[in-house]
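The structure under discussion appears below in the form of structure tokens.
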Amino acid sequence: FDAIIREEWEKEKKDLAQYKNVWVFAEQRQGKIMPVAIELLGEGRKLADAIGVSLCAVLLGNHVEGLALDLIQYGADKVYLGQHPLLEKYTTDGYTKVLSDLIHKEKPEIVLMGATHIGRDLAPRVAARVDTGLTADCTKLEIDPEDKKLLQTRPAFGGNIMATIICPNHRPQMATVRPGVMDKAKKAEGRKGEIITFSVALEKSDIRTEVVEIVKAHKTKVALEEAEVIVAGGRGLGKAEGFVLLEKLADKLGGVVGASRATVDAGWIDHAHQVGQTGKTVKPKIYIACGISGAIQHIAGMQNSDIIIAINKNAGAPIFQVADYGIVGDLYEVVPALMDALDRV
Ligand code: FAD
């Protein structure tokens, strides 16, 4: 019996050894690479170097060949380019089929996708098709120095614990990663790589849905993950109308408005604005926290901002521990004074 188990185990090990390289699904929408794909290339590079394999990007769409070179300049050694009129608009069936067929054929060791609406839809279906596991919504990825497995960390139980997950017996190791958490890869203009165009076997009958039209949501000004400036408000605002003031400051700085959970729970602002463990993870150049105490769950979502400015009337508020600049005072005095000063420059 032991011998049978050992034989199975040896076979499994041999099977797993066929899987090579780190793949990043380079999500594009209407011919534009999503910022998270550039972040994943930055992270993928570190993982590929730690294992000693190549970093590959998978680019699907129609007439998107112009983006392949960009992916190489952002660090991909190879780009798998699959184009077809039926891939022009994202469909679950079409993208799942093409990506899982490619994984079956090429056998990557690791596959990473952004935890965007598309990534969250696509990754579990692909994982099921290729018979592997998936860690969704990761905030940290590392290679175990001993056995070279991918350690995938994500918040669990509403952010109360951080769980590190491994995929011991199946390949590829698949993860989706929260946008805005990882550092973007740097572009190197003259970088060379290989573009592998593969033929896409896709029939209309493979796709059960038809995308008739893509209607852009009404501009909500909450592209928090991409914003360079965020002016965030907390319970210290005292009322929903306080956000009108913050919006004025955000407008002056070309930024957007963020919020703590307390204000979202109070119904002062939509959840789309929430920053933190159960909201968005952001990394702007400037984060201005107004009337936010700095609870650990809020800090988890904004601590990687380049410059943090805190305005709080309590000098002992924990937010000052992560702030680069702190202003102790009433936000209803400080924010208008800041706007006046900005008008003068
Ligand atoms: P408070 O903690 O009440 O702070 C208000 C601050 O405003 C105080 O520091 C006060 O001194 C200051 N203030 C008052 N008046 C003024 C004024 N006029 N001018 C200047 N300063 C003033 N929170 C999040 O934000 N994001 C999350 O994603 C999140 N996820 C969570 C997940 C879990 C599982 C749990 C348990 C909690 C989570 N929370 C989250 C909630 C978090 O613990 C805090 O309760 C919340 O962040 C507090 O929000 P706040 O800082 O706006 O309010």
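Indexing begins at 1, ligand by ligand and atom by atom, following the structure's order.
- Distances between N or O atoms of L331 and those of ligand 1 include at least one value under 3.5 Å.
- With no hydrogens or angles considered, no side-chain donor-acceptor pair links T139 and R178 at under 3.5 Å.
- Shown in contact with T278 at under 4.0 Å from a heavy atom are these atoms of ligand 1, numbered in order with element: 27 (C), 28 (O), 29 (C), 30 (N), 31 (C), 32 (C).
- By the 4.0 Å heavy-atom criterion, G301 is excluded from the residues contacting ligand 1.
- Remark: K89 NZ is packed, more than 12 non-hydrogen atoms of other residues, nucleotides or ligands lying under 6.0 Å away.
- Note: an N/O pair closer than 3.5 Å links D330 and ligand 1 by distance alone.
- Salt-bridge annotation for D93 and R208: present, with a side-chain N of the basic residue lying under 4.0 Å from a carboxylate O of the acidic one.
- Not counting sequence neighbours, F25 has no partner by the ring pair (Phe, Tyr, Trp, His ring centres under 6.0 Å) test.
- The side-chain tip of K313 does not point at the ring of F320 from less than 6.0 angstrom away and within 45° of straight on.
- For the residues N312, N314, V335, the heavy atom positioned nearest atom 8 (C) of ligand 1 is part of N312.
- For a threshold of 3.5 Å applied to N or O pairs, the pair formed by A259 and ligand 1 contains no separation below that value.
- The contact set between ligand 1 and S260, taken as ligand atoms under 4.0 Å from a residue heavy atom, comprises 25 (O), 49 (O), 50 (P), 52 (O).
- Under the rule for a side-chain contact (heavy atoms from CB on, under 4.5 Å), the partners of Y325 that lie at least two apart in sequence or sit in another chain are I307, I309.
- The heavy atom nearest to atom 32 (C) of ligand 1, considering only R261, Q277, H271, is found in R261.
- For ligand 1, the polar-atom distance check against A317 finds no nitrogen or oxygen pair separated by under 3.5 Å.
- Under the 30°/60° scheme for interplanar angles, the aromatic rings of Y80 and W23 are found to be tilted.
- Distances below 4.0 Å separate heavy atoms of G329 from the following atoms of ligand 1: 19 (N), 20 (C).
- Within the 4.0 Å heavy-atom cutoff, V275 counts among the residues contacting ligand 1.
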